[in-house]
Protein chains: 2
Amino acid sequence: MAAQIVEQATRLFAARGFVGASLQDIAKAVGIRKPSLLYHFPSKDDLRRSVLEQMLEHWNEVVPKILRAATSGHEQFDAIGEETIKFFSEDPDRARVLLRELLDRPDEMGPLVRKHVQPWTEVVASYIRKGQAQGRVHPDVDPEAYVSAVINLILSTIAVHAVVGPVLGGESSSSEAIQPRLLDEVLRVARSALFLPEPATPAALPRSS
Amino acid sequence: MAAQIVEQATRLFAARGFVGASLQDIAKAVGIRKPSLLYHFPSKDDLRRSVLEQMLEHWNEVVPKILRAATSGHEQFDAIGEETIKFFSEDPDRARVLLRELLDRPDEMGPLVRKHVQPWTEVVASYIRKGQAQGRVHPDVDPEAYVSAVINLILSTIAVHAVVGPVLGGESSSSEAIQPRLLDEVLRVARSALFLPEPATPAALPRSS
DNA sequence: CCTACCGATCGGTAGG
DNA sequence: CCTACCGATCGGTAGG
């Protein structure tokens with residue numbers, strides 16, 4: 001039961017925001033009365049925290065899988081981007097709730113981001129630095145800033161795809177499915193802003209032209 | 001007076017969202033009573049539309065200046081990015097209000113984006129296509145998707161900088177000013193995802209190596 | 001898990 | 001531009 005409440009709360013918080021989605025609305029979506037909902041979650045704020053907690057829990061399950069696949073090289077960095085995109089696009093409400101919370105409660109989200117996002121950000125950043133030392137990655141990439149930018153890009157692209165997507169394809173393109181064009185371009189942008197174009201054997205084969 | 005109301009409404013809508021900011025709050029910030037506010041704006045929704053309108057008005061003043069400077073070439077594309085960043089970072093509340101509206105009212109924002117953003121998106125896209133024909137721009141750039149991605153990137157980076165910025169610099173870095181590191185990297189990502197690395201004289205000087 | 005109910009606050013109006 | 005007031009809805013509680 002608690003799981004269904006969290007599920008519907010996520011849906012409605014994502015669509016209408018925390019203050020915009022009433023306990024009444026959420027209870028009705030679950031099929032119970034408001035006081036029954038307040039038996040499972042003592043307050044609306046407790047429910048909000050549970051929604052975030054469940055999301056970060058799922059995220060923490062997925063992170064090791066992402067990082068394991070990513071030792072180095074082009075394909076592995078693609079894997080990081082693809083898995084991150086998969087996490088958010090298999091339920092865009094995750095991106096919307098997260099973005100809303102970042103806007104609504106920056107002071108509260110700071111520590112949460114520091115706890116759940118910064119660690120793997122630093123792992124990815126260290127891979128980037130290693131890539132720079134090996135001459136595979138652009139030397140002027142700011143590793144931490146790059147990772148932040150790509151996360152922001154993925155998050156916002158998926159969160160607002162319903163309005164930005166249809167603007168691209170003048171066609172019907174129902175407002176439900178995410179346009180692959182957008183996500184493909186996001187990945188391409190992230191990739192080509194990172195890697196040097198040529199294998200570039202910097203010192204190994206000093207064959208001067 | 002109406003201008004002060006719109007100004008404070010923008011501030012509070014940006015910080016707390018449309019439903020989270022009450023007419024009471026806004027009136028108090030202006031220094032008048034709620035019914036006086038409702039004399040200038042017949043309803044809260046009218047005030048919301050005025051906030052959006054004023055923002056898009058300012059945006060429309062800035063767009064021609066941006067496009068005029070951008071005929072072609074590297075520096076001109078940088079100018080587009082820099083001016084767009086300037087527009088939002090000189091008042092980050094613009095980015096926040098816009099992002100909130102995209103999340104809150106996708107169906108209403110669709111037409112607005114189509115009207116105010118799509119036209120210049122297509123101008124920029126056509127520059128990109130010209131650059132591709134001349135071999136200056138990566139051939140696998142999807143012009144419209146690229147522009148959408150960069151707008152999303154700028155918008156979200158500025159909107160949530162207060163929480164993402166401090167995560168980067170472990171130092172004090174007060175939560176007010178936007179970290180130049182972030183914006184510099186955003187510009188670098190946008191630039192290096194667009195242009196081919198070399199001048200690459202494709203057919204003009206067929207000096208085979 | 002429910003019915004019944006609470007004070008507080010919401011957007012908005014009447015009337016001056 | 002104000003005071004006074006409206007019905008509706010909010011999150012939450014009592015009590016079973």
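A note on names: the letters A, B, ... follow the listed sequences, proteins ahead of strands, and every chain is numbered from 1.
Here the P atom of nucleotide dT13(D) and the NZ atom of Lys44(A) are 15 Å apart, to the nearest Å. Nucleotide dC10(C) holds its P atom 17 Å from the CG atom of Asp45(B), rounded to whole Å. Straight-line distance from the NE2 atom of His40(B) to the C1' atom of dC1(D): 8 Å, rounded to whole Å. Between the P atom of dT13(D) and the CZ atom of Phe41(A) lies a distance of 16 Å, rounded to the nearest Å. Summarising the geometry, the separation between CG on Leu23(B) and C1' on dT13(C) is reported as 13 Å, rounded to the nearest angstrom. Rounding to whole angstrom units, CD1 of residue Ile26(A) and P of dC10(D) are separated by 11 Å. When rounded to the nearest whole Å, the span between CE of Met1(B) and P of dC2(D) equals 9 Å. In this structure, the CD1 atom of Ile5(B) is 11 Å from the C1' atom of dC1(D), given to the nearest Å.
Using a 4.5 Å cut-off on side-chain heavy atoms (C-beta onward), His138(A) and Leu194(A) make no contact. At a threshold of 4.5 Å between non-hydrogen side-chain atoms, the residues Met55(B) and Leu98(B) count as touching. Residues Ile66(B) and Phe87(B) form no side-chain contact, since every pair of their non-hydrogen atoms from C-beta on lies 4.5 Å or further apart.
The side chain of Ser22(A) lies closest to dC10(D), out of dA4(C), dC10(D), dC10(C). Considering only the side chain of Arg33(A), dC2(C) comes nearest among dC2(C), dG11(D), dC2(D). Taking every side-chain heavy atom of Pro35(A) into account, dT3(C) is the closest of dC1(C), dA4(D), dT3(C). Considering only side-chain atoms of Ser43(A), the nucleotide from dC1(C), dG11(C), dG12(D) that sits closest is dG12(D).
Taking 3.5 Å as the limit, the base of dG12(D) and the side chain of Lys34(A) contain a donor-acceptor pair of atoms between them.
Residue Glu144(A) holds its CD atom at 10.5 Å from CD of Gln179(B), rounded to the nearest 0.5 Å.
Here Ser36(B) lies in heavy-atom contact (under 4.0 Å) with a base. Note on Leu38(B): a base of the nucleic acid sits closer than 4.0 angstrom, heavy atoms only.
When Watson-Crick and G-U wobble pairs are counted only if both distances are under 3.5 Å, dG15(D) pairs with dC2(C).
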- Starting from the C-alpha separation in whole Å, work towards a yes-or-no answer on side-chain contact (heavy atoms from CB on, under 4.5 Å) for Ile5(B) and Ile32(B). CA-CA 10 Å; Ile5(B) 295 174; Ile32(B) 59 177; 4.2 Å; yes

